[in-house]
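Since the structure comes first, as structure tokens, the remarks are kept for the end.
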Amino acid sequence: MLQVSQLRENRDSIIAALAKRNKDFSQQIDEIIRLDEIRRKSQNDLDNNLAEANKLSKEIGDFFKSGKKEQAEAAKPRVAALKETAKELEQTLQQTEDAQKQLLYTIPNVPNDIVPNGKVAEDNQEVYIWGKMPQLGEHKKPHWELIEEYDLIDFELGTKITGAGFPVYKGAGAKLQRALINFFLDEATKAGYREFQPPLMVNEASGFGTGQLPDKEGQMYHVGVDDLYLIPTAEVPLTNLYRDVILKEEQLPVKMTGYTPCFRREAGSWGAHVRGLNRLHQFDKVEIVQLVHPEKSYGILDEMVEHVKGILEKLELHFRVIRLCGGDMGFTSALTYDFEAWSGAQERWLEVSSTSNFETFQANRLKCRFKNSEGKTQLVHTLNGSALALPRIVASLLENNQTPEGIRIPAALVPYTGFDMIRK
RNA sequence: GGAGAGAUGGCAGAGUGGUCGAUUGCGGCAGUCUUGAAAACUGUUGAUGUGAAAGCAUCCGGGGGUUCGAAUCCCUCUCUCUCCGCCA
């Protein structure tokens, strides 16, 4: 959620930057500014009204104390009248604030200067590429065939006990999951992130804090009887740990990591290209989250990007980093880098991480602030990134490392799996 | 699930209808003292809105009500604790 004060002060530049999202937000923004004037006016009227009523009430108290009962009784109707007006003013104020909020929810974050123009994935900028395409020969198989051949993951069993998109990992397949999770968590803790194991369900306030609510309910599983949401990413519980918190400046940066399963309904996005592990309703992910000083957030975004690069290199996966264009960027982000690993048999790039700076967009909703050196409270910047999401990593590992003898495990992972080859 | 108690500032903990945004202690910050530190002493120390500022307004778990006036009384919701039951 953008800050109204920012909209007021930087109206033109914000509208210009938002144009990168291929939409003109000037109407909404002007309406927000207009409502804000009404809001401030009503607030002021209400304050004056209440001040008057407070003053009279005190006087009445004093009259009673000094035995001037008649004067006290005489003043009562005046306060009552003020209270009536106050009620109306309060209503106006409330309605104005609500209307303003509703509008604010519809405005996405302001793209950073370096976000490229563009509408679709093809307009994204490749900023880094590492490794080279594996040479697999004619008999290469996509991962959904490999997992059957080596008996690693069972989609049909998952469908039987739950439904489509809920795979069952078996034997070496399950072990590989555990190895990857531990490897990712170790890499993150080595980089200074503190490990957390948060709840997998969150309440409404948390969904709201990170921006999944009120607009994207449809993407989350909702447990109706208890009114809880299954988390679509660890970003939600981790970031919300600091909801309504005022940090000390020296506590920054807060660096958190956590492994969680993630649950996504993916309503409407099922279709071509979602075979096998490409898209699931439940998947595992290690997330990294940082709460930082606003002046440092872009340096830290680069640092997080380097961290994810390091992991992918250790996994020996051919990958690239792309800077998302305005049209492809998420609603809450100011700048996003996606990581895509090469899938050798599908012969296409698979998104395995998305690392973003949200600036104050989340913090404003979360009310996550810090006391700066002047003693003023100021919103932090929040950032997060997948480091990493498992299924597509598994898909790429299986496909790229297939050999006639079996599937080779990258050296960095062997201490975690305990085997260097998956054989039949 | 049954019975009871409770929710106040970073923490602990007073406050049961009027000057209470709230006594006090701890913690934090600044100062005095000290070569320095500790101790002691003194002062200071919540958030939000508005405003250039002074100030004004709002906030004592959330929402509603009674009253001229509510942290204090009433209703309701949520959460926490204790005992019992169940249980990985």
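Order of the sequence lines sets the chain letters (A, B, ...), proteins ahead of strands, with each chain counted from 1.
- The side chain of A/T377 approaches B/rA47 more closely than any other nucleotide in the set B/rA47, B/rU58, B/rC68.
- Across all strands shown, B/rC86 forms no Watson-Crick or G-U wobble pair with both distances under 3.5 Å.
- Separation of the C1' atoms belonging to B/rA40 and B/rG55 is 38 Å when rounded to the nearest angstrom.
- Listed pair A/S57 / B/rG18 fails the phosphate criterion, with no side-chain N or O lying under 4.0 Å from OP1 or OP2.
- Counting to the nearest Å, the P atom of B/rC77 and the CD atom of A/E204 are 18 Å from each other.
- Distance CG (A/L93) to P (B/rA57): 16 Å, rounded to an integer number of Å.
- Here A/D244 does not pair with A/K367 in a salt bridge; the nearest charged N to carboxylate O distance is not below 4.0 Å.
- Residue A/R369 places its side chain closer to B/rA47 than to any other of B/rC68, B/rG49, B/rA47.
- The base of B/rG69 does not come close enough to the side chain of A/N54 for any donor and acceptor atom to sit less than 3.5 Å apart.
- The side chain of A/D62 has B/rU19 as its nearest neighbour among B/rU19, B/rU50, B/rG46.
- Residue A/N203 places no side-chain N or O under 4.0 Å from the OP1 or OP2 atom of B/rU78.
- Remark: B/rA54 base-pairs with no nucleotide; criterion is Watson-Crick or G-U wobble with both hydrogen-bond distances under 3.5 Å.
- Listed nucleotides: B/rA57, B/rA47, B/rG51. Nearest to the side chain of A/I246: B/rA47.
- Taking atom C1' on both B/rG63 and B/rU19, the two are 29 Å apart, rounded to the nearest angstrom.
- On the C1' atoms, B/rA3 is 36 Å away from B/rC26, given to the nearest whole Å.
- With a cut-off of 3.5 Å on both Watson-Crick or G-U wobble distances, the partner of B/rC59 is given as B/rG46.
- Within 4.0 Å (heavy atoms only), A/L50 reaches sugar-phosphate atoms of the nucleic acid but no base atom.
- For B/rA7, the paired nucleotide is B/rU78, the pair qualifying as Watson-Crick or G-U wobble because both relevant distances are below 3.5 Å.
- If you take NZ of A/K58 and P of B/rG18, they are 13 Å apart, rounded to a whole angstrom.
- As rounded to whole Å, 17 Å separates atom P of B/rU50 from atom CG of A/L89.
- Pairing partner, B/rA39: none, since no Watson-Crick or wobble contact has both distances short of 3.5 Å.
- Pairing for B/rA14 is absent, with no Watson-Crick or G-U wobble pair whose two atom distances lie under 3.5 Å.
- The nucleotide whose nearest atom lies closest to any side-chain atom of A/K76 is, among B/rU58, B/rC68, B/rG49, B/rC68.
- Here, B/rU66 and B/rU72 have their C1' atoms 13 Å apart, quoted to the whole Å.
- Using a 4.0 Å heavy-atom cutoff across all strands shown, A/A51 reaches sugar-phosphate atoms only and no base atom.
- A salt bridge is absent between A/K248 and A/E250: the closest approach of a Lys/Arg side-chain nitrogen to an acidic carboxylate oxygen does not fall below 4.0 angstrom.
- With ring centers used as reference points, A/F208 lies under 6.0 Å from A/Y105.
- Nucleotides B/rU24 and B/rA14 have their C1' atoms positioned 7 Å apart, rounded to a whole Å.
- Nearest nucleotide to the side chain of A/K371, out of B/rU58, B/rG69, B/rG46: B/rG46.
- Across all strands shown, nothing is found opposite B/rA71 as a Watson-Crick or G-U wobble partner with both distances under 3.5 Å.
- Taking atom C1' on both nucleotides, B/rA12 is separated from B/rA22 by 16 Å, rounded to a whole Å.
- In summary, the side chains of A/N357 and A/S297 do present a donor paired with an acceptor at a separation below 3.5 Å, with no hydrogens or angles considered.
- Between A/P77 and A/N48, the one whose closest nucleotide on RNA chain B sits nearer the 5' end is A/N48.
- Nucleic acid contact for A/K248: none, since no nucleic acid atom lies under 4.0 Å from a heavy atom of the residue.
- A/Q362 and A/T382 share a donor-acceptor pair across their side chains, judged by distance under 3.5 Å alone.
- Here, B/rG15 and B/rG9 have their P atoms 16 Å apart, quoted to the whole Å.
- As judged by a 4.0 angstrom heavy-atom cut-off over every strand, A/R39 is placed among residues touching the sugar-phosphate backbone only.
- Nearest-nucleotide positions on RNA chain B place A/D36 closer to the 5' end than the other of A/A80 and A/D36.
- Of the charged side-chain nitrogens involved, none lies within less than 4.0 Å of a carboxylate oxygen, so that A/D123 and A/K119 do not count as a salt-bridged pair.
- Using a cut-off of 4.0 Å between Lys/Arg side-chain N and Asp/Glu carboxylate O, A/D420 and A/R408 are scored as not salt-bridged.
- Across the C1' atoms, B/rA7 and B/rC59 are found 16 Å apart, a figure rounded to whole Å.
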